Amino acid sequence: MVDKAHTEREKRLLTLIDTLNLSQKSFAEKIGVTNRALYNYLYEDRCPSPECLVKMHHLFKVNLNWLLTGLGPIFINNGVEINLSRKEEKLLFYFNLLPEFIQNGIIVGLDKTELNQQFFDKIKKDI
């Protein structure tokens, strides 16, 4: 028999996969489990192993407290809980997938361009 807490945990795991914009197959590969194991986590009353939970945390910075209980934000950063919108979470996730030299180029471009500062100042006024 599936209890309500288990059903909610399944929903949170599905939410995580969706937020990361991954297929279930790709997510299973990244966390090092078979498709069947992930299916069991999602639909068959099975909780991910501690090793699997740790891998999810390290790969995606998922807040394990949120994943298991629903408390707190979906992601954490360096042990500090951060509250990001879904759009911000996806942007940060994709930024982190970029090679470091591209990340650095984006940061330098944003830091050094006066036009960007004017653009951001205008956006702040409009908000």
Side-chain angles (χ1 to χ4, degrees):
M1 181 173 167
V2 177
D3 64 11
K4 185 177 189 299
H6 175 77
T7 302
E8 294 302 314
R9 185 182 66 236
E10 288 175 350
K11 288 179 186 175
R12 287 189 296 276
L13 189 52
L14 286 166
T15 297
L16 174 64
I17 294 168
D18 181 58
T19 300
L20 296 171
N21 201 29
L22 295 172
S23 67
Q24 290 181 13
K25 180 180 179 184
S26 178
F27 183 79
E29 289 170 359
K30 289 183 182 299
I31 63 172
V33 300
T34 64
N35 290 335
R36 180 64 193 175
L38 182 59
Y39 180 89
N40 288 338
Y41 300 156
L42 294 172
Y43 308 108
E44 296 292 329
D45 196 21
R46 300 263 168 47
C47 186
S49 69
E51 295 83 8
C52 185
L53 292 170
V54 168
K55 194 154 190 181
M56 282 185 234
H57 170 72
H58 286 293
L59 283 173
F60 307 117
K61 301 295 186 213
V62 66
N63 178 353
L64 296 181
N65 190 39
W66 171 82
L67 186 61
L68 296 172
T69 68
L71 299 175
I74 189 170
F75 296 108
I76 59 172
N77 186 19
N78 297 327
V80 177
E81 293 186 359
I82 53 176
N83 293 305
L84 299 176
S85 71
R86 188 174 170 101
K87 184 191 288 185
E88 291 168 327
E89 289 169 353
K90 284 187 174 186
L91 180 63
L92 185 57
F93 174 75
Y94 287 121
F95 179 82
N96 286 329
L97 291 177
L98 295 170
E100 187 174 354
F101 75 95
I102 293 176
Q103 291 178 359
N104 291 338
I106 291 170
I107 293 168
V108 167
L110 291 173
D111 284 343
K112 291 191 173 185
T113 305
E114 188 175 320
L115 272 177
N116 285 337
Q117 188 59 50
Q118 292 170 359
F119 174 74
F120 289 121
D121 289 344
K122 181 176 179 351
I123 289 174
K124 287 178 189 174
K125 287 180 189 175
D126 292 343
I127 294 178

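As the structure is a computational prediction, the values presented were derived from the model and not from experiment.
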Check your understanding: Which heavy atom in N65 sits nearest to a heavy atom in T69, and how many Å separate them?
Key -> O-OG1, 2.5 Å
Practice item. Would you give the length of the straight line joining atom OG1 of T34 to atom CG of N40, rounded to the nearest 0.5 angstrom? Key: 7.5 Å
Review point. Quick one: side chain to side chain contact (heavy atoms under 4.5 Å, CB included) partners of P99, sequence neighbours excluded?
Key: F101, I102
**Study point:** Pairs flagged by salt bridge (charged side-chain N to carboxylate O under 4.0 Å, His left out) wherever residues 51-60 is involved - sequence neighbours left out
**Key:** none
Revision key, fill the gap. Correct closest heavy-atom pair for C52 and Y41 would be SG-CE1, 3.9 Å
Revision key, fill the gap. Correct closest heavy-atom pair for E44 and R36 would be CG-NH2, 4.4 Å
Review point. Y39 and I31: same hydrophobic cluster, using ILVMFWY side-chain contacts below 4.5 Å?
Key: yes
When the side chains of residues 17-29 are checked against the rest of the protein, which donor-acceptor pairs come out under 3.5 Å, sequence neighbours left out?
unit_1: D18; atom_1: OD2; unit_2: R86; atom_2: NH2; d: 2.1
unit_1: T19; atom_1: OG1; unit_2: T15; atom_2: O; d: 2.8
unit_1: T19; atom_1: OG1; unit_2: R86; atom_2: NH1; d: 3.3
unit_1: N21; atom_1: ND2; unit_2: Y94; atom_2: OH; d: 2.5
unit_1: S23; atom_1: OG; unit_2: S26; atom_2: N; d: 3.0
unit_1: Q24; atom_1: NE2; unit_2: Y43; atom_2: OH; d: 3.4

Study note, to complete from the structure: Closest non-hydrogen contact found for V62 with I76 is O-CG1, 4.3 Å
**Study point:** Closest contact, heavy atoms only, M56 versus L16
**Key:** SD-CD2, 4.2 Å
Exercise for review: Apply the test side chain to side chain contact (heavy atoms under 4.5 Å, CB included) to residues L53 and L68: give CA-CA distance (whole Å), side-chain angles for both, the deciding distance (0.1 Å), then the verdict.
Suggested key: CA-CA 10 Å; L53 292 170; L68 296 172; 4.2 Å; yes
Check your understanding: Would you say L59 and L38 are hydrophobically clustered, going by side-chain heavy atoms of ILVMFWY under 4.5 Å?
Key -> yes
Review point. Side chain to side chain contact (heavy atoms under 4.5 Å, CB included) between L67 and H57: does it pass, once the steps are laid out?
Key: CA-CA 10 Å; L67 186 61; H57 170 72; over 6 Å; no
